[in-house]
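Have a look at the structure below, then the notes.
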Amino acid sequence: MLLGFLDKLFKKKLEGKTVEEWYGLAVGETDPEKKIEYFDKVLALKPDFAGAWNLRGLEFVVLKQYEEAITSFDKALEIRPNYPEAKYNKEDAETELRKIGAAERPVGEEKKGTSETHGEQEEEIKVEGTES
């Protein structure tokens with residue numbers, strides 16, 4: 001009886017597939033949008049799977065959807081606060097998002113009143129402002 005209960009618990013299925021099967025499909029897929037779809041199925045079955053949240057975030061980075069990526073990395077870090085890959089991936093996505101923000105600002109308009117930017121981005125903004 002107990003064995004049957006445990007088997008059901010660990011073999012929950014969504015659309016006829018287990019977590020392991022959806023995960024296998026996700027990592028074997030090459031299309032980022034399909035990968036995200038498969039990781040969503042994994043997470044529907046096992047929402048506390050930090051590794052799947054991290055990999056889902058990486059696929060959003062591939063698609064240049066950095067805000068969605070950061071949301072996924074945050075979820076991974078909520079589950080595993082000391083998850084180094086998720087921390088690094090989140091930092092990279094935040095950097096890309098800042099670069100986009102800097103590129104979209106009119107030339108000469110610098111970020112006012114914040115100290116969020118890293119030295120490299122501040123230097124890029126100053127260089128852009130002096131070139132025009």
Side-chain angles (χ1 to χ4, degrees):
M1 177 87 173
L2 181 60
L3 189 56
F5 170 76
L6 290 175
D7 192 41
K8 273 188 178 179
L9 178 67
F10 292 114
K11 295 295 180 189
K12 277 186 0 184
K13 292 187 177 189
L14 179 65
E15 297 176 26
K17 292 180 179 50
T18 64
V19 170
E20 293 84 3
E21 291 168 322
W22 283 118
Y23 185 83
L25 287 171
V27 296
E29 180 60 56
T30 57
D31 176 15
E33 290 178 351
K34 279 300 243 189
K35 287 178 88 111
I36 291 167
E37 181 184 323
Y38 294 152
F39 281 125
D40 286 344
K41 307 268 190 207
V42 168
L43 294 164
L45 290 166
K46 190 165 175 48
D48 62 343
F49 189 172
W53 282 108
N54 182 56
L55 293 173
R56 181 180 187 267
L58 287 173
E59 296 310 318
F60 279 114
V61 169
V62 169
L63 296 171
K64 299 185 184 326
Q65 296 177 12
Y66 301 112
E67 289 171 353
E68 287 292 331
I70 291 165
T71 299
S72 290
F73 298 137
D74 281 340
K75 188 66 178 169
L77 290 166
E78 182 182 308
I79 297 163
R80 279 182 51 200
N82 295 318
Y83 189 177
E85 291 86 352
K87 283 182 183 181
Y88 301 137
N89 293 334
K90 179 182 177 185
E91 289 170 6
D92 287 346
E94 288 172 335
T95 298
E96 292 303 316
L97 202 53
R98 278 193 297 275
K99 286 180 184 176
I100 291 168
E104 290 175 351
R105 281 195 299 278
V107 174
E109 182 183 309
E110 294 186 31
K111 211 174 203 180
K112 296 174 184 144
T114 68
S115 59
E116 287 182 52
T117 59
H118 296 288
E120 183 179 59
Q121 277 119 3
E122 287 176 4
E123 186 175 299
E124 288 173 8
I125 292 169
K126 289 176 187 171
V127 171
E128 286 177 15
T130 58
E131 288 178 358
S132 19

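Residue numbers count from 1 along this sequence.
- Glu37 places none of its side-chain heavy atoms less than 4.5 Å from the side chain of Phe39.
- Residues Val27 and Trp22 share a single hydrophobic cluster, defined by chaining ILVMFWY side chains whose heavy atoms lie under 4.5 Å apart.
- Separation of atoms CD (Glu21) and NZ (Lys41) is listed at 13.5 Å; rounding is to 0.5 Å.
- The CD1 atom of Ile100 sits 11.0 Å away from atom OG1 of Thr95, with the distance rounded to the nearest 0.5 Å.
- Not one N or O on the side chain of Glu59 forms a donor-acceptor pair closer than 3.5 Å with the backbone of Arg56.
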| query | Given Tyr38 and Tyr23, is the side chain to side chain contact (heavy atoms under 4.5 Å, CB included) satisfied, shown in steps? | reply | CA-CA 7 Å; Tyr38 294 152; Tyr23 185 83; over 6 Å; no
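- Using a 4.5 Å heavy-atom cutoff, the side chains of Ile36 and Leu63 are in contact.
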| said: One pair to check against side chain to side chain contact (heavy atoms under 4.5 Å, CB included): Asn89 and Val61. What are the steps and the verdict? | reply: CA-CA 9 Å; Asn89 293 334; Val61 169; over 6 Å; no
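- A heavy-atom distance below 4.5 Å is found between the side chains of Lys17 and Leu25.
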| task | Verify salt bridge (charged side-chain N to carboxylate O under 4.0 Å, His left out) between Asp92 and Lys90, making sure each step is shown before the conclusion. | result | CA-CA 5 Å; Asp92 287 346; Lys90 179 182 177 185; over 6 Å; no
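- Connection of Tyr83 to Phe73 is not established within any shared hydrophobic cluster, with ILVMFWY side chains joined at heavy-atom distances below 4.5 Å, either directly or through further cluster members.
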| Given the rule in the side chain to side chain contact (heavy atoms under 4.5 Å, CB included) test, do Leu43 and Lys75 qualify, once you have shown the distances and angles that lead to the verdict? | CA-CA 11 Å; Leu43 294 164; Lys75 188 66 178 169; over 6 Å; no
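- Nearest heavy-atom pair across Ala69 and Ala93 is CB-CB, 4.4 Å.
- Separating the CD atom in Glu91 from the CD1 atom in Ile70 is a distance of 11.0 Å, to the nearest 0.5 Å.
- Heavy-atom minimum distance, Ala86 versus Ala76: CB-CB, 4.0 Å.
- Taken from NZ in Lys35 to OG1 in Thr30, the straight-line distance is 7.5 Å, to the nearest 0.5 Å.
- Formation of a donor-acceptor pair under 3.5 Å by the Trp53 side chain with backbone atoms of Pro47 is found in this model.
- Taking hydrophobic clusters as Ile, Leu, Val, Met, Phe, Trp and Tyr residues chained together by side-chain heavy-atom distances below 4.5 Å, Leu77 does not share a cluster with Phe49.
- Tracing side-chain contacts under 4.5 Å through hydrophobic residues (I, L, V, M, F, W, Y), one never reaches Phe60 starting from Tyr88; they form parts of separate clusters.
- Note that the CZ atom of Arg80 and the CG atom of Asp48 stand 11.5 Å from one another [nearest 0.5 Å].
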